[in-house]
Asks: 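Sharing a structure below in structure tokens format, with a few things to ask.
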Amino acid sequence: MKPNTTSQSQKKTPIKNFLKKVDSLQVIKWLITGFFILFLIIPLISVFIISFTNEPVNIFGSFVDPNILSDNIGRIANASLDQFRELFTGGTNYFAALNNSLLLAVSVSIIVILMCLPIAYGFARTSMPFKGLFAALCTMPVVVPTFISAAGFIIMFGRTGWTSTIFNSIFGTEGGLFDVYSMTAIVLVQVFFFFPLALWPMVAAFKIADIQLEEASRNMGARSWSTMLFVTVPLALPGMISSALLIFAVSFSDFGTPIILAPEGLNLIVVEAYREISGFFNWGGAAILTVVMVGVAAIFFWLQRLVTKKMDYGTLSGKPRATKLNNNKAVKITLSVYTSIVVLVPTLAILSVFLQSLATTWGADLLPNGLTFDHYQTIFTRSTDNIVNSIVLAGGALLICVIVGTFISYFVVRQKSSKLDFLATIPLVVPGIALGIAFIQTFNTAPLQLTGTAFILIVAYAIRRLPYMIRSTTGSMMAIRSDIEEASVNLGASKLMSLVTIVGPLMLPGIAAGSILVFVTVIRETSITILMAPTQWSPMSLEVFQNLMRGDMYNASAMAVVIIVLVLVLQTIGNRISNNSLY
């Protein structure tokens with residue numbers, strides 16, 4: 001028996017030696033890189049190829065079936081620039097859609113920056129009253145899914161909306177303030193519900209700009225308005241430009257607002273891409289629109305990074321000085337009134353959705369004819385599955401984000417893994433509708449036929465939200481000294497064990513804050529959900545969208561209120577955990 005045991009031991013020795021040499025963290029790094037290649041890089045490459053071939057290309061099938069490989073080679077050999085030539089010479093509706101989307105995004109960016117400028121100055125440089133209340137009201141619009149905000153505008157400004165009723169009764173007109181199904185309405189919804197994304201970076205820019213330059217300007221005899229115009233605003237200019245580029249990208253890729261409010265004949269690139277894939281199965285058209293969307297988003301994110309990198313607008317001394325707040329009564333009252341008007345519009349839109357959810361009927365009157373909880377009773381009995389689906393899908397995406405995001409933060413901070421950092425940043429420049437089209441095309445056929453499953457929907461959610469988790473966990477990781485885990489390794493623990501048992505618990509605050517952010521944004525996700533969610537896994541956001549499309553405003557509003565309350569509660573918890581306060 002003894003010789004046999006020795007022989008078996010000798011046979012196992014090479015395998016054991018190999019396993020001993022394998023670095024478990026390195027294996028995890030390879031797995032994460034493979035995850036991004038499989039679920040991000042290959043789908044984007046696949047769509048890029050289709051934009052030239054005008055026919056579907058099954059990249060995964062090429063690895064297992066020689067016939068598919070031969071077909072793909074033939075399609076690639078026949079690739080041409082014809083579709084791009086038609087796009088930029090106006091041969092299709094796509095050119096008009098691109099122009100309209102660019103016009104929309106530029107208009108919204110300019111209006112938002114001009115609108116936010118006085119409010120940001122009020123928060124950062126004055127003792128404006130009710131700052132806490134205004135801050136809460138300014139934050140609320142951004143947590144509302146965009147198609148719900150569009151619904152709020154329909155309730156307010158539609159032909160039978162209550163503001164239209166007031167306006168018509170005062171001026172003796174018909175039709176109201178403006179056509180709610182128009183480009184004007186889309187611009188207004190995006191302006192009033194996206195402005196918080198620009199406001200807080202602008203407040204931060206005003207706060208860290210060097211106050212000494214303004215004091216020097218006043219000491220040299222400049223008036224307040226002159227100092228404001230020629231010193232204060234230029235100091236905040238980099239923050240304003242960066243915010244404008246962010247608003248441009250968000251407006252350009254927004255799907256929820258135009259899908260509800262865009263009238264027939266108004267082509268926008270996200271809506272056009274959705275119709276091409278869901279209505280006509282036009283892979284070539286959807287692919288070229290996807291490439292254009294990713295290209296435009298990438299250019300503007302690159303510009304944003306360039307602006308923030310090249311323009312230094314910090315203090316001369318290296319640390320901000322205490323700022324003497326402007327106590328001028330006229331300035332404070334003017335800014336308070338102006339801020340009230342700005343926050344009033346989205347607040348009334350949200351309240352209108354809430355009132356609609358309680359209304360028995362609500363026609364062309366100022367208030368509903370009666371109040372009832374029947375719509376809530378309906379959604380909690382008939383749509384319980386949608387609520388459960390939302391929680392399960394968001395939970396699945398959260399699990400992936402926590403595991404992958406935590407390891408990526410570790411690799412980026414400890415090992416300076418710039419390639420992995422770059423891979424994890426790519427989803428920021430991919431609009432949701434573009435990622436959805438790429439996933440449907442890539443995973444629609446064997447050997448990886450995953451389209452229509454909850455798994456691929458969860459992965460799509462996770463890929464989109466991973467940058468949020470990584471930003472949150474990287475901050476926590478940077479605050480942890482490396483000698484803590486080195487001590488653990490010196491005591492005999494493996495690097496992986498040290499990461500899981502020592503570093504992981506220390507990162508919990510960042511993981512918790514990032515988790516809530518991921519969960520909240522997945523719950524309110526629109527574009528990927530509408531494009532990819534299978535019937536049996538329909539979440540709350542898809543149920544609201546379908547009810548809006550059917551004209552069932554009451555049940556849609558009730559479900560929307562449930563989403564808003566859930567998001568607000570989670571957002572509040574997240575803010576408390578991250579201690580995020582700008583005022």
Side-chain angles (χ1 to χ4, degrees), residues 96-120 138-154 156-157 177-203 205 236-237 239-263 266-274 292-293 295-301 303-304 307 338-339 341-347 349-350 428-429 431-434 524 526-527:
L98 177 60
N99 275 341
N100 290 335
S101 292
L102 290 172
L103 177 65
L104 170 67
V106 170
S107 305
V108 171
S109 303
I110 293 172
I111 297 171
V112 164
I113 295 304
L114 294 177
M115 189 175 86
C116 285
L117 187 57
I119 305 176
C138 284
T139 304
M140 194 166 55
V142 82
V143 305
V144 179
T146 50
F147 57 86
I148 294 175
S149 52
F153 259 57
I154 293 173
M156 284 179 69
F157 299 105
L177 279 165
F178 56 87
D179 184 2
V180 77
Y181 297 99
S182 64
M183 179 66 116
T184 303
I186 296 172
V187 170
L188 288 175
V189 170
Q190 291 190 347
V191 164
F192 282 107
F193 282 86
F194 289 164
F195 82 88
L197 298 173
L199 176 64
W200 298 121
M202 288 173 66
V203 172
L237 194 59
M240 292 163 59
I241 295 174
S242 177
S243 299
L245 293 171
L246 174 64
I247 294 295
F248 179 94
V250 174
S251 169
F252 185 81
S253 60
D254 176 36
F255 176 75
T257 312
I259 194 66
I260 300 293
L261 298 182
L266 176 60
N267 297 321
L268 291 166
I269 197 162
V270 287
V271 179
E272 197 71 21
Y274 170 73
V292 171
M293 278 189 282
V296 171
I299 289 170
F300 278 88
F301 270 99
L303 284 174
Q304 187 189 20
V307 167
Y338 174 75
T339 307
I341 294 170
V342 170
V343 299
L344 189 64
V345 177
T347 303
I350 295 169
L428 284 176
V429 302
I433 199 80
R524 59 190 289 271
T526 308
S527 51

Asks: Determine whether I113 and S243 satisfy the following criterion, side chain to side chain contact (heavy atoms under 4.5 Å, CB included), listing intermediate values before the conclusion.
Replies: CA-CA 8 Å; I113 295 304; S243 299; 3.9 Å; yes
Asks: Please walk me through it: do T526 and I259 pass side chain to side chain contact (heavy atoms under 4.5 Å, CB included)?
Replies: CA-CA 10 Å; T526 308; I259 194 66; 5.8 Å; no
Asks: Between OG1 of T257 and CZ of F153, what distance do you get to the nearest 0.5 Å?
Replies: 9.5 Å
Asks: Sub-3.5 Å donor-acceptor pair from the side chain of Y338 to the main-chain atoms of M115, do we have one?
Replies: yes
Asks: Looking at every non-hydrogen atom in both residues, tell me the closest pair between V112 and F195 and how far apart they are.
Replies: CG1-CA, 3.9 Å
Asks: If you look at every heavy atom in G256 and T146, which pair is closest and at what distance?
Replies: CA-OG1, 3.3 Å
Asks: Using every non-hydrogen atom in the two residues, find where V189 and A150 come nearest and quote the distance to one decimal.
Replies: CG1-N, 4.2 Å
Asks: What distance do M240 atom CE and L117 atom CG have between them, rounded to the nearest 0.5 Å?
Replies: 5.0 Å
Asks: Taking N267's backbone N and O only, do any of them form a donor-acceptor pair with N100's side chain (distance below 3.5 Å, no angle check)?
Replies: yes
Asks: Please round to the nearest 0.5 Å and tell me the distance separating atom CD of E272 and atom CD1 of I433.
Replies: 11.5 Å
Asks: In the structure I gave you, are the side-chain heavy atoms of L261 and I154 within less than 4.5 Å of one another anywhere?
Replies: yes
Asks: Taking all atoms of both residues into account, what is the closest heavy-atom pair of C138 and P196, and its distance?
Replies: O-CG, 2.7 Å
Asks: Given side chain to side chain contact (heavy atoms under 4.5 Å, CB included), test V343 with M140 step by step and report yes or no.
Replies: CA-CA 9 Å; V343 299; M140 194 166 55; over 6 Å; no
Asks: Can you tell me how far CE of M183 sits from OG of S107, rounded to the nearest 0.5 angstrom?
Replies: 7.0 Å
Asks: If we ignore hydrogens and angles and just use 3.5 Å, is the side chain of S251 paired with the main-chain N or O of I247 as donor and acceptor?
Replies: no
Asks: For R524 versus V144, what's the shortest heavy-atom pair and its separation?
Replies: NH2-O, 3.2 Å
Asks: Heavy atoms, side chains only, cut-off 4.5 Å: are L268 and I186 in contact?
Replies: yes
Asks: With a 4.5 Å limit on heavy-atom distance, are the side chains of F192 and L344 in contact?
Replies: no
Asks: Evaluate the ring planes of F252 and F248, with Trp represented by its six-membered ring, and classify them as parallel (under 30°), tilted (30 to 60°) or perpendicular (over 60°).
Replies: parallel
Asks: Mind checking the SG-CZ spacing from C116 to F194? Nearest 0.5 Å is all I need.
Replies: 13.0 Å
Asks: Could you tell me which non-hydrogen atom of V203 sits nearest to which non-hydrogen atom of A120, and how far apart they are?
Replies: CG2-CA, 3.8 Å
Asks: Begin from the C-alpha positions of L188 and F178 and carry the test side chain to side chain contact (heavy atoms under 4.5 Å, CB included) through to its verdict.
Replies: CA-CA 11 Å; L188 288 175; F178 56 87; 3.7 Å; yes
Asks: Do V270 and S527 touch side chain to side chain, with heavy atoms closer than 4.5 Å?
Replies: no
Asks: About how many Å separate CD1 of I269 and CG of N99, when rounded to the nearest 0.5 Å?
Replies: 10.0 Å
